[in-house]
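See structure below.
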Amino acid sequence: MAKPLIIANWKANPDSAVRAVVLAKKIEQAARAAPKVEVVIAPPSPFLFSIGHILRRTKLGAQNVFWEDLGPYTGEVSWRQLKHLGVQYVIIGHSERRRYLEETDEMINKKVLATLDHGLIPVLCVGEWERSGNEIPAVVGEQLKRALKRVEPSRMKNLVVAYEPVWAISTNPGARADTPDSAFRALVYLRRLLASLCSRRAAEAVRIIYGGSVNAQNIYPFLKEGKMQGALVGGASLFPQEFAKIVVRASDT
Ligand code: PGA
């Protein structure tokens, strides 16, 4: 079985490279103490270089990617540049980018294709804005299908899908974590859909992780009862002690 994957999504934090390096060193220590967990730090792009230099056990992630390799694309950071920085994972389609940057399913699809084509691991975020009742809303499936258009089934094994119900993200008003039970239903739903897009075997190889108000208290139930294969951690990843506890709890599964 694959190790649980715990990704620190720092979003636009902290304010300086010095602070980012201090935080990364603490996370690196936590990762060293938990060899059964795969830990990734996804800092803002300006800190990728300095953080990449100090990580040994922890892997480097990016929060975004541009699908072309080089050229006249002002403001973008391409997959080729990320690879040169030692980035292995790339968060794609986060709800904050969909909301504030108007990232479309078509752009997300281009990013997924480019990362898979060039040996980066996409962490594709899908999740509904609101939920009423127990059903996983169809929009989650639509996001997945659109993001994976033209992806060859043989490439699916390199994909990570992060189920992040937007209402559960800690910075959203009234946020509360989803329940492990409902996360499990989302996992089954996504796995089935993946199988219909490729094969059952390829779908089984895709790692599905949970995101949304993950902390040291709820990580274990999400992995154990929810059968999630890891977590995308926002707010709590900026608090090294809390994040270290999340990593330790994940290694108990
Ligand atoms: P949160 O963020 O852990 O602060 O809810 C998760 C995310 O947005 O990736």
Could you tell me whether the side chain of K11 reaches within less than 4.5 Å of the side chain of N9, counting heavy atoms only? yes
F66: which other cluster members, linking ILVMFWY side chains closer than 4.5 Å, directly or transitively? W67, Y73, M107
Can you name the residues that form a side chain to side chain contact (heavy atoms under 4.5 Å, CB included) with N109, not counting sequence neighbours? L113, K149, R150
Residues, nucleotides or ligands: over 12 heavy atoms within 6.0 Å of Q88 CD: yes
Closest approach of P35 to R57 (non-hydrogen atoms, all atoms of both residues): CA-NH2, 3.6 Å
Distance-minimising heavy-atom pair for S45 and V77: OG-CG2, 4.4 Å
Which heavy atom of S95 sits nearest a heavy atom of I169, and at what distance? OG-CD1, 3.4 Å
Distance, nearest 0.5 Å, that separates CG of L85 from CG of L48: 5.5 Å
Quick one: sort the Y210 and Y163 rings into parallel, tilted or perpendicular, breaks at 30° and 60°. tilted
pair K157-V206: side-chain heavy atoms closer than 4.5 Å: no
Quick check: closest heavy atoms across S78 and V65, and the distance to 0.1 Å? C-CG2, 4.1 Å
Cluster partners of L232, using ILVMFWY side-chain heavy atoms under 4.5 angstrom, listed by chain and number? L5, I7, V40, Y89, I91, I121, V123, V160, I209
Write out all pairs satisfying salt bridge (Lys or Arg N to Asp or Glu O under 4.0 Å) with one or both partners inside residues 60-82, taking only residues at least two apart or from two chains. D69-R80
Under 3.5 Å, side chain of Y189 to main-chain N/O of G141, donor-acceptor pair present? yes
Do any N or O atoms from the side chain of N172 and from the backbone of A175 form a donor-acceptor pair under 3.5 angstrom? no
Which pairs with one or both residues in residues 160-178 pass salt bridge (Lys or Arg N to Asp or Glu O under 4.0 Å), sequence neighbours excluded? R131-D178
How long is the straight-line distance from CG of L144 back to CG of L194, given to the nearest 0.5 Å? 5.0 Å
Checking the side chain of R191 only, and the main-chain atoms of A203 only, is there a donor and an acceptor separated by less than 3.5 Å? yes
Is there a side-chain contact between V151 and L197 (heavy atoms, below 4.5 Å)? no
Side-chain heavy-atom pair L159, R155 within 4.5 angstrom cut-off: no
Can you tell me which residue pairs pass the salt bridge (Lys or Arg N to Asp or Glu O under 4.0 Å) test with a partner in residues 29-53, sequence neighbours excluded? E28-R32, E38-K59, E38-R207
Please list all pairs meeting salt bridge (Lys or Arg N to Asp or Glu O under 4.0 Å) that have one or both residues in residues 221-243, counting only residues at least two apart or in different chains. none
Are any side-chain N or O atoms of N218 and backbone N or O atoms of S213, one a donor and one an acceptor, separated by less than 3.5 Å? yes
For the NZ atom on K26, are there more than 12 heavy atoms of other groups (residues, nucleotides or ligands in this structure) within a distance under 6.0 Å? no
Taking the side chain from R185 and the backbone from N134, do they hold a donor-acceptor pair closer than 3.5 Å? yes
Residue list, salt bridge (Lys or Arg N to Asp or Glu O under 4.0 Å) with R99, at least two apart or on another chain: none
Validation row: V166, E128 side chains within 4.5 angstrom (heavy atoms): no
Quick one: side chain to side chain contact (heavy atoms under 4.5 Å, CB included) partners of S16, sequence neighbours excluded? V18, R19
Sequence neighbours left out, what passes side chain to side chain contact (heavy atoms under 4.5 Å, CB included) with I54? Give chain and number order. V21, A24, K25
Nearest atoms (heavy-atom pairs only) where V112 meets A147: CB-O, 3.7 Å
If you measure from the Lys or Arg side-chain nitrogens to the Asp or Glu carboxylate oxygens, is any gap between K145 and D105 under 4.0 Å? no
Spell out, as yes or no, whether a donor-acceptor pair under 3.5 Å connects the side chain of D181 to the backbone of G226. no
Restricting to non-hydrogen atoms, name the atom on L190 and the atom on I208 that form the minimum distance, rounded to 0.1 Å. CB-CD1, 4.0 Å
Counting distance only, does the side-chain N/O of R98 pair as donor-acceptor with the main-chain N or O of G93 below 3.5 Å? yes
Partner set under ring-ring contact (aromatic ring centres under 6.0 Å, His included) for F49, not counting sequence neighbours: H53
Please check if the side chain of S251 supplies one atom and the backbone of V37 the other of a donor-acceptor pair under 3.5 Å. no
Would you mind checking if K111 and E103 are paired as a salt bridge, meaning a charged N to carboxylate O distance below 4.0 Å? yes
For A8, which residues count as a side chain to side chain contact (heavy atoms under 4.5 Å, CB included) partner, sequence neighbours excluded? W10, I27, S237, F243
Report the distance from atom CG of L120 to atom OG1 of T115, rounding to the nearest 0.5 Å. 6.5 Å
